[in-house]
Amino acid sequence: MSEIQIYHNPRCSKSRETLALLREQGHEPTIVEYLKQAPTKEQLQEIVTLLGMESPRQLMRTKEAEYKEQNLADESLSYDQLLDAIVATPKLMERPVVLTNGKARIGRPPESVLEILG
């Protein structure tokens, strides 16, 4: 069985529900509390790629105050600038993200992560 990683925020109900669902399915994922241990730029690049996203902006929580304060809706920002913004402000990352089997899913709804389990 492949290792399962969850980028988790324990204060988020969807993140808690996704973690509980994984455990109900008999999995004990590696938990990355990304607000305490921010992902690296390389890790974020991998997540964006595995999710099949064209831009890191698709991984961002656009309703967060920090998104507006940092003017991240600016279309002239490069791919790297957007990744750097998430590294600097991990709260901007959509949650939870589950990685396994060379695939990734955002747990919204939590059941969507079942698609990538082996």
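These numbers come from a predicted model, not from an experiment. For this chain, numbers begin at 1 and follow the sequence in order.
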Trainee: Of all heavy-atom pairs between His8 and Ser15, which one has the smallest distance, and what is that distance?
Mentor: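 Of all heavy-atom pairs spanning His8 and Ser15, the closest is ND1-OG, 2.6 Å.
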Trainee: Got a sec, which residues hit side chain to side chain donor-acceptor pair (under 3.5 Å) with Glu94, two or more places apart in sequence or on another chain?
Mentor: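 Checked Glu94 against side chain to side chain donor-acceptor pair (under 3.5 Å); matches are Arg61, Arg108.
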Trainee: Any sub-3.5 Å donor-acceptor pair from Asn9's side-chain atoms to Arg11's backbone N or O?
Mentor: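 Here the side-chain-to-backbone pair exists.
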Trainee: Checking Asp84 now: which residues fulfil side-chain contact (heavy atoms from CB on, under 4.5 Å) with it, not counting sequence neighbours?
Mentor: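 Residues passing side-chain contact (heavy atoms from CB on, under 4.5 Å) with Asp84: Lys41.
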Trainee: Salt bridge (charged side-chain N to carboxylate O under 4.0 Å, His left out) with Glu75: which residues, sequence neighbours excluded?
Mentor: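 For Glu75 the salt bridge (charged side-chain N to carboxylate O under 4.0 Å, His left out) partners, ignoring immediate neighbours, are Arg57.
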Trainee: Once side-chain contact (heavy atoms from CB on, under 4.5 Å) is applied, do any residues pair with Gln58, and if so which ones, sequence neighbours excluded?
Mentor: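 Result, side-chain contact (heavy atoms from CB on, under 4.5 Å) vs Gln58: Met53, Glu54, Ser55.
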Trainee: Only one of Leu22, Leu21, Leu19 passes side chain to side chain contact (heavy atoms under 4.5 Å, CB included) with Val98; say which it is.
Mentor: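 Passing option: Leu22.
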Trainee: Rounded to the nearest 0.5 Å, how far apart are CD1 of Ile6 and CG of Leu99?
Mentor: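 So the CD1 of Ile6 and the CG of Leu99 are separated by 9.5 Å.
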Trainee: Restricting to side chain to side chain donor-acceptor pair (under 3.5 Å), what partner residues turn up for Thr62, sequence neighbours left out?
Mentor: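 In terms of side chain to side chain donor-acceptor pair (under 3.5 Å), with neighbours along the sequence ignored, Thr62 is linked to no residue.
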Trainee: For Lys91, which residues count as a salt bridge (charged side-chain N to carboxylate O under 4.0 Å, His left out) partner, sequence neighbours excluded?
Mentor: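 Expected list: Glu64, Glu66.
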Trainee: For Thr18, what residues pass the side chain to side chain donor-acceptor pair (under 3.5 Å) criterion, not counting sequence neighbours?
Mentor: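 Not a single residue meets the side chain to side chain donor-acceptor pair (under 3.5 Å) criterion with Thr18.
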Trainee: Taking all non-hydrogen atoms of both residues, which atom of Pro39 and which atom of Val87 are closest, and how far apart?
Mentor: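 Closest heavy-atom pair between Pro39 and Val87: O-CG2, 3.7 Å.
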Trainee: Report the residues that fulfil side-chain contact (heavy atoms from CB on, under 4.5 Å) with Ser78, sequence neighbours left out, ordered by chain and then residue number.
Mentor: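 With sequence neighbours excluded, Ser78 shows a side-chain contact (heavy atoms from CB on, under 4.5 Å) to Asp80, Gln81, given in chain and number order.
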Trainee: How close do Leu50 and Ala104 get, counting heavy atoms only, and between which atoms?
Mentor: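 Smallest heavy-atom distance, with atoms named: CB-CB, 3.7 Å.
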Trainee: Find out if a path of hydrophobic residues (ILVMFWY) with successive side-chain heavy-atom gaps under 4.5 Å connects Tyr34 to Val97.
Mentor: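 Same hydrophobic cluster.
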Trainee: Might you point out which heavy atoms bring Tyr7 and Met93 nearest each other, and give the distance in Å?
Mentor: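 Reported closest heavy-atom pair: CB-CE, 3.5 Å.
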Trainee: Does the Ser112 side chain pair with the main chain of Pro109, one donor and one acceptor, at a distance under 3.5 Å?
Mentor: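 Yes.
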Trainee: Which heavy atom in Leu117 sits nearest to a heavy atom in Ile4, and how many Å separate them?
Mentor: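 Shortest heavy-atom separation between Leu117 and Ile4 comes out as CD2-CD1, 3.6 Å.
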Trainee: For the residue pair Thr30 / Glu3, report whether a side-chain donor-acceptor contact shorter than 3.5 Å exists.
Mentor: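 Indeed, the side chains of Glu3 and Thr30 share at least one donor-acceptor pair under 3.5 Å.
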Trainee: Who pairs with Leu72 by side-chain contact (heavy atoms from CB on, under 4.5 Å), at least two apart in sequence or on another chain?
Mentor: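 Applying side-chain contact (heavy atoms from CB on, under 4.5 Å) to Leu72 gives Met60, Tyr67, Gln70, Leu77, Leu82, Ala85, Leu92.
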Trainee: Partners of Glu28 by side chain to side chain donor-acceptor pair (under 3.5 Å), sequence neighbours excluded?
Mentor: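 Partners of Glu28 under the side chain to side chain donor-acceptor pair (under 3.5 Å) test: Arg23.
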Trainee: Might you work through the side-chain contact (heavy atoms from CB on, under 4.5 Å) test for Glu17 and Ser13, ending with a clear yes or no?
Mentor: CA-CA 6 Å; Glu17 289 171 25; Ser13 64; 4.2 Å; yes
Trainee: Which residues pass the salt bridge (charged side-chain N to carboxylate O under 4.0 Å, His left out) test with Lys36, not counting sequence neighbours?
Mentor: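 Residues passing salt bridge (charged side-chain N to carboxylate O under 4.0 Å, His left out) with Lys36: Glu33.
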